[in-house]
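Here is the structure we will look at.
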Amino acid sequence: MVPKLTFAFVTVLATFSSVDALWPLPTSLSTGSTALRLTPQFDIQVDVKGAPSDLYEAVARTKTYLWTDKLERLVVGRGSEDATAISNAKYLSSLTISLADSAEVRSISEEAVDELESRDDSYTLSIPETGSDAVLKANSTLGLFRGLTTFSQLFYYYNGEVYTLEAPIQITDKPAYPYRGFMLDTSRNYFPVSDLERTLDAMSWVKINNFHWHVVDSQSFPLQIPGFTDLAEKGAYSASSIYSPSDVAHIISYAAARGIDVIVEIDTPGHTAIISEAHPEYVACAGSTPWASSANEPPAGQLRFTEPVVVNFTADLFTAVSKMFPSKFVSTGGDELNVNCYDQDSVTQGTLNKTGQTLEQALDSFTQATHGALAKAGKTPVVWEEMVLDHNVTLSNDTVVMVWISSENVAAVAQKGFKVVHSASDYFYLDCGAGGWVGSYPAGNSWCDPFKTWQRSYTFDPTANLTADESKLILGGQHLLWTEQSGPENLDPVVWPRAASSAELFWTGPALTNVTTALPRLHDVAFRMRQRGVNAISLQPLWCALRPGVCDLTA
């Protein structure tokens with residue numbers, strides 16, 4: 001789908017101060033220069049008959065943020081020069097939120113997991129300069145939630161007052177792309193549920209709507225799946241490093257109430273060495289050394305997809321996982337298949353010789369059977385790009401392809417007619433540039449050097465080198481964190497605020513992205529996140545953050 005945006009975009013980009021607070025930038029924004037402060041009794045009125053509980057919960061969180069953010073403006077003096085304007089400002093006592101007359105009243109949580117392209121995040125927000133009620137309207141509770149998120153970003157704090165200098169404010173907003181994501185790998189290092197909650201909170205603040213959970217890999221299997229509990233029992237790092245079914249249900253519920261769909265990935269047939277701890281007979285070259293000859297990273301081991309018992313096991317595993325996750329999507333991975341592993345595996349070779357199949361034919365049969373289990377469960381498969389570009393396998397037309405090796409491969413995938421989620425390592429990998437992590441290699445660097453700055457991802461063109469028809473296949477994109485060198489101790493500063501750059505790119509669309517005018521707003525994102533308990537990293541010295549543009553190379 002090509003985003004069709006109507007920009008009633010006033011000349012607010014001409015100055016830094018007029019849109020400092022908002023991320024992602026709305027489709028249409030008009031601001032004034034009148035100060036307005038919240039009355040101490042400020043309230044948000046829910047004018048929605050039969051409003052769901054998660055909407056009331058979102059309202060409560062918004063009111064809490066308004067009073068507890070206590071974010072002073074990022075200007076010299078931190079807002080002290082606003083004192084006179086604040087003291088003379090009128091009070092805003094209420095925000096009224098309502099749905100369109102024809103709208104069906106459903107919960108945010110229900111709408112968050114709807115078919116991706118049917119979700120409606122649009123809203124309008126009006127804040128008069130007179131002090132009369134502000135009004136937020138939408139066609140869905142999901143849209144109301146997005147509008148509440150925007151409203152909470154508009155206000156600053158000084159000397160006990162919560163205020164804006166920009167009234168009147170008029171916003172009409174909707175996303176350019178339906179998929180705005182973040183991927184976290186919880187296999188290489190384990191992250192407690194509290195870390196996932198905090199990450200989901202931060203994602204919601206910048207309107208990211210898909211959590212791609214790369215929950216298992218060769219290193220560990222922390223996901224406890226009913227009927228397959230031996231995988232976590234023998235494959236988790238410890239009994240305390242497991243996501244139980246109740247943990248998963250909580251994470252899904254927590255995410256959905258914040259407008260986020262949780263897309264689980266069970267990477268197969270590669271990246272499955274850990275399954276050998278429970279089922280050694282299912283895995284080829286498990287733990288073989290030197291690992292570099294049969295895997296991209298240790299430990300070696302891949303599913304013996306030539307074996308009917310392994311095909312049935314994987315199909316049943318996908319069926320069980322599908323029952324745990326309400327998302328319409330399940331990722332089956334399919335990346336980095338090491339052929340040498342299978343060439344050296346006597347079981348695989350014996351079966352191929354017996355059946356007369358090639359390895360590619362066996363992979364096709366495996367993929368059809370396991371994806372068939374997903375289809376029967378009502379799920380849409382998500383795969384990495386190799387399943388389209390490197391292997392001759394049969395994929396359903398609705399399969400979503402994540403392009404990770406290079407952004408240059410997007411066109412080849414689109415030419416085959418598949419929908420695409422941008423996940424390219426040359427723009428969106430958060431782990432690049434941290435140096436080598438393998439041992440006994442002092443000269444090593446990360447394979448995807450250099451470090452990918454927020455500016456790099458922010459200036460990405462989602463439809464570069466694509467025809468108009470191919471551009472319609474772009475669903476959006478995401479930042480990704482592979483965690484060889486990340487854990488709970490550095491999660492926040494590695495991800496934030498860099499991951500917010502793609503959040504705006506795929507919400508606002510590249511037509512309105514501008515690095516120079518974005519930087520003051522991204523500073524604001526980072527500072528506000530820190531006020532809310534997310535340890536986002538600094539982008540510049542504070543001296544620069546308080547003086548927009550002064551630290552530009554040409555200043």
Side-chain angles (χ1 to χ4, degrees), residues 1-4 115-118 176-181 183 210 212 214 263 265-271 296 305 314 318 327-339 357-376 378-429 448 460-478 480 502 505-506 510:
M1 42 145 285
V2 173
K4 296 180 179 179
E115 293 286 350
L116 179 66
E117 294 171 84
S118 71
Y177 292 92
Y179 189 105
R180 305 167 309 278
M183 191 221 76
N210 291 283
H212 174 186
H214 187 91
I263 302 171
E265 180 181 352
I266 307 295
D267 202 353
T268 59
H271 291 271
N296 282 41
F305 58 80
T314 309
F318 285 169
S327 175
K328 304 296 189 296
F329 296 110
V330 171
S331 174
T332 64
D335 62 316
E336 296 185 327
L337 202 64
N338 189 288
V339 174
Q357 284 186 309
T358 65
L359 189 67
E360 283 293 307
Q361 288 171 335
L363 180 61
D364 183 41
S365 297
F366 171 84
T367 302
Q368 289 192 57
T370 54
H371 282 201
L374 290 181
K376 189 174 180 179
K379 304 297 185 180
T380 298
V382 179
V383 299
W384 296 111
E385 66 187 84
E386 292 99 315
M387 295 298 282
V388 172
L389 300 181
D390 294 349
H391 300 293
N392 186 26
V393 298
T394 304
L395 297 172
S396 61
N397 292 335
D398 63 347
T399 301
V400 173
V401 181
M402 293 186 170
V403 174
W404 70 274
I405 296 174
S406 172
S407 58
E408 294 181 358
N409 296 340
V410 169
V413 173
Q415 285 164 12
K416 291 180 179 290
F418 291 103
K419 293 182 179 180
V420 174
V421 171
H422 287 295
S423 307
S425 58
D426 50 333
Y427 283 88
F428 300 113
Y429 271 29
C448 54
F460 177 73
D461 181 355
T463 57
N465 303 315
L466 300 181
T467 67
D469 285 341
E470 291 164 359
S471 296
K472 296 175 184 178
L473 297 170
I474 303 301
L475 294 175
Q478 63 183 3
L480 307 90
S502 63
L505 172 66
F506 293 109

Backbone N or O of [Y] within a donor-acceptor pair of the [X] side chain at under 3.5 Å?
X    : Y    : result
N392 : Q361 : no
Q368 : S365 : no
Q415 : A412 : no

Taking only residues two or more places apart in sequence or in another chain, which ones pass side chain to side chain donor-acceptor pair (under 3.5 Å) with [X]?
X    : result
N296 : E336
T268 : none
S396 : D398, T399

Provide the closest heavy-atom pair for [X] versus [Y] in the form atom of the first, atom of the second, distance.
X    : Y    : value
S471 : L466 : OG-CB, 3.6 Å
S407 : A424 : N-CB, 3.5 Å
S423 : M402 : OG-CB, 3.8 Å
L363 : P269 : CD1-CG, 4.0 Å
M387 : G333 : CG-O, 3.8 Å
A411 : N465 : CB-O, 4.1 Å

- Query: Is there a side-chain contact (heavy atoms from CB on, under 4.5 Å) between F305 and L337 once you walk through the steps?
  - Reply: CA-CA 11 Å; F305 58 80; L337 202 64; 4.1 Å; yes
Going by heavy atoms in the side chains, are [X] and [Y] under 4.5 Å from each other?
X    : Y    : answer
W404 : F428 : no
T367 : T394 : no
Y177 : L505 : no

Find the distance between [atom1] ([X]) and [atom2] ([Y]) and round it off to the nearest 0.5 Å.
X    : Y    : atom1 : atom2 : result
I266 : T332 : CD1   : OG1   : 10.0 Å
E265 : H214 : CD    : NE2   : 5.0 Å
I263 : Q478 : CD1   : CD    : 7.5 Å
L395 : H371 : CG    : NE2   : 6.5 Å
K376 : L374 : NZ    : CG    : 12.5 Å
S331 : K379 : OG    : NZ    : 13.0 Å

- Message: Would L389 and V413 count as a side-chain contact (heavy atoms from CB on, under 4.5 Å) here? Give the steps.
- Response: CA-CA 7 Å; L389 300 181; V413 173; 3.9 Å; yes
- Task: In sequence, state the C-alpha distance, the side-chain angles, and the governing distance for V400 and F418, and then conclude on side-chain contact (heavy atoms from CB on, under 4.5 Å).
- Result: CA-CA 6 Å; V400 173; F418 291 103; over 6 Å; no
- Task: Kindly state each residue pair satisfying salt bridge (charged side-chain N to carboxylate O under 4.0 Å, His left out) with at least one member in residues 413-427, sequence neighbours excluded.
- Result: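 Sorted pair list: E117-K419.
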- Query: Is there any salt bridge (charged side-chain N to carboxylate O under 4.0 Å, His left out) pair reaching into residues 383-397, and which pairs are they, with sequence neighbours excluded?
  - Reply: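 Not a single pair qualifies under salt bridge (charged side-chain N to carboxylate O under 4.0 Å, His left out).
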- Evaluation steps, side-chain contact (heavy atoms from CB on, under 4.5 Å), between H422 and F506: CA-CA 10 Å; H422 287 295; F506 293 109; 4.0 Å; yes
- Assess the pair W384 and H212: is the distance between their ring centroids shorter than 6.0 Å?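 Yes, the ring centres sit under 6.0 Å apart.
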- Query: What residues, two or more places apart in sequence or in another chain, satisfy salt bridge (Lys or Arg N to Asp or Glu O under 4.0 Å) together with D461?
  - Reply: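 Result, salt bridge (Lys or Arg N to Asp or Glu O under 4.0 Å) vs D461: none returned.
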- Message: Are there over 12 heavy-atom neighbours, none belonging to E408, within less than 6.0 Å of that residue's CD?
- Response: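 No, because the 6.0 Å sphere around CD of E408 holds 12 heavy atoms or fewer from other groups.
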